[in-house]
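Residue numbering restarts at 1 for every chain, and letters A, B, ... go by the order of the sequence lines.
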2 protein chains.
Amino acid sequence: MSTSSSSRTPAAPPAPTVIVVDDDEALREALSSLFRSVGLRVELYGSAAELLAAKPPAVPRCLVLDIRLPGVSGLDFQSQIASSPMNMPIIFMTGHGDIPMTVRAMKAGAVDFLTKPFRDQDMLDAVATALENDRRQSEAEKASTDIRALYQSLTAREKEVMSLVTSGLMNKQVAAQINLSEITVKIHRGHVMRKMNAKSLADLVRMAETLGLGITKA
Amino acid sequence: MSTSSSSRTPAAPPAPTVIVVDDDEALREALSSLFRSVGLRVELYGSAAELLAAKPPAVPRCLVLDIRLPGVSGLDFQSQIASSPMNMPIIFMTGHGDIPMTVRAMKAGAVDFLTKPFRDQDMLDAVATALENDRRQSEAEKASTDIRALYQSLTAREKEVMSLVTSGLMNKQVAAQINLSEITVKIHRGHVMRKMNAKSLADLVRMAETLGLGITKA
DNA sequence: CCAAACTTCATACTTTGGTATATTTCGTGG
DNA sequence: CCACGAAATATACCAAAGTATGAAGTTTGG
């Protein structure tokens, strides 16, 4: 067993994980050995279905899979996973792939596309890049999600005022725009600042940017 | 004031251009015909050197080239062009390419990688995507460049004040931070607003974002 | 060396921004 | 029915931002 002596600390070490999906057990074991040799956690699956049944590991993580899988095609699996909470960077391996396949995979965001046999170092480099991408992506996503949650706690009026205020209008201009008195705008504005947990207008403007506010023209 | 009104058209027609580089004249002509048939401008070159000697056309434009070129490799040419003012989206064609080559090209940002023979529609789709990318990219770049120019017109003090103000500090806090009186900060701040042509603080904050201010390490 | 630009600060004043305290209206859900 | 939150508004007041005028020391390029 030899599980680590980690306790339930709030700031747990990230533990980067590589998920390998391949129907060739020998290759799975070889990759597992390779990844573990550089200190990475590894999960092995023989098919896409097995992976989907499991629960996704914590970030950072990435997927290493063969284009040719039992059941689903690797490319179909890629688009399938991209629009799921399992979404993570993918590195493809192939024994007999072709160029159109490669192009499609790369266009869909694959980190790399390695032809067997590949050099260990190439795989490790690809995995390092993938894990770093996943870390960044997940970080940005979390920040965005948090802000979006705060934003949803605003009332319709407050959202409206936030949009106009962060677009650079003065309180009196906002008031004129939506036919309110200036004092009412001030109150809504105050509520927005508190609810959004913004410490300054600059803060609020940045949040509005993240939310994509102001670009709501139709 | 001798010229009439027709000569001063601020919104000139974009005229999308496709630049084809291939040593096979027959293919060049075929592509030229294809692109012109859908209303695109076309420039033809037999080698990378010829293209580099010419002056880049106005946006939107894109490059269609064979991986195997006389002289330079298509991939080398790609990285060469990426770090030049000629930078534009690239679509590769290949008669006998391999997967590692494809991966390298796509990683370096190629829009597509077509194997000969390809369908006309595939090429046209790729070109349409490339032109749209170029338009967006060039638009974003121009906005960024303009703001950067304004920013460079600021004095050292003004840049400093802008950074602190857009990070959300009040004038008095900025003053304390850099050991000035509040009134002096107000003056610098006013100069910043005028020089940056910002109509509001929200405006200035967005410019600071574009400039990457606030992430000033070391 | 001198003019021009940069930097600093003060005083005085106006405009915005922000908060607090009330009051009124309206609609929803217990 | 009533409590409660949302919305709107007013009055009053204080804090912060912005502008104008004046002035003096420092840098810098021609």
Discussion item. Given 3.5 Å as the limit, does a donor-acceptor pair link the side chain of A:D112 with the main chain of A:L114, or not?
Written reply: no

Is it true that a side-chain atom of A:T166 and a backbone atom of A:L164 form a donor plus acceptor pair closer than 3.5 Å? no

Taking NZ, NE, NH1 and NH2 as the nitrogens, is one of them in A:R104 or A:D76 under 4.0 Å from a carboxylate oxygen of the other? yes

State whether A:D122 and A:R119 are salt-bridged, where the test is any N-O pair (Lys NZ or Arg NE/NH1/NH2 against Asp/Glu carboxylate O) under 4.0 Å. yes

Each nucleotide of nucleotides 24-30 of chain D classed B (base within 4.0 Å of a protein heavy atom), S (only sugar-phosphate) or -, in 5' to 3' order, makes -------

Bend of the helix from C:dC1-D:dG30 to C:dG30-D:dC1 from end-axis comparison, five pairs per end, nearest 10°, comes to 40°

Distance only, no hydrogens: is a donor on one side chain within 3.5 Å (strictly under) of an acceptor on the other, for B:Q137 and B:E141?
yes

* When you look at B:R28 and B:S32, which way does the side-chain hydrogen bond (donor to acceptor under 3.5 Å, both in side chains) test go after all the steps? -> CA-CA 6 Å; B:R28 283 206 300 273; B:S32 175; over 6 Å; no

(message) Can a side-chain donor-acceptor contact be found between B:T17 and B:R41 if the only test is distance below 3.5 angstrom?
(response) yes

For nucleotides 4-18 of chain C, 5' to 3', base contacts (B), sugar-phosphate-only contacts (S) and non-contacts (-) with protein non-hydrogen atoms under 4.0 Å give --SSSBBB----SBB

Does the distance from a Lys or Arg side-chain N to an Asp or Glu carboxylate O, for B:E139 and B:K142, drop under 4.0 Å?
-> no

Ionic contact status for B:R157 with B:E160, cut-off 4.0 Å = yes

From the list A:I81, A:D134, A:V111, side chain to side chain contact (heavy atoms under 4.5 Å, CB included) partner of A:L63 resolves to A:I81

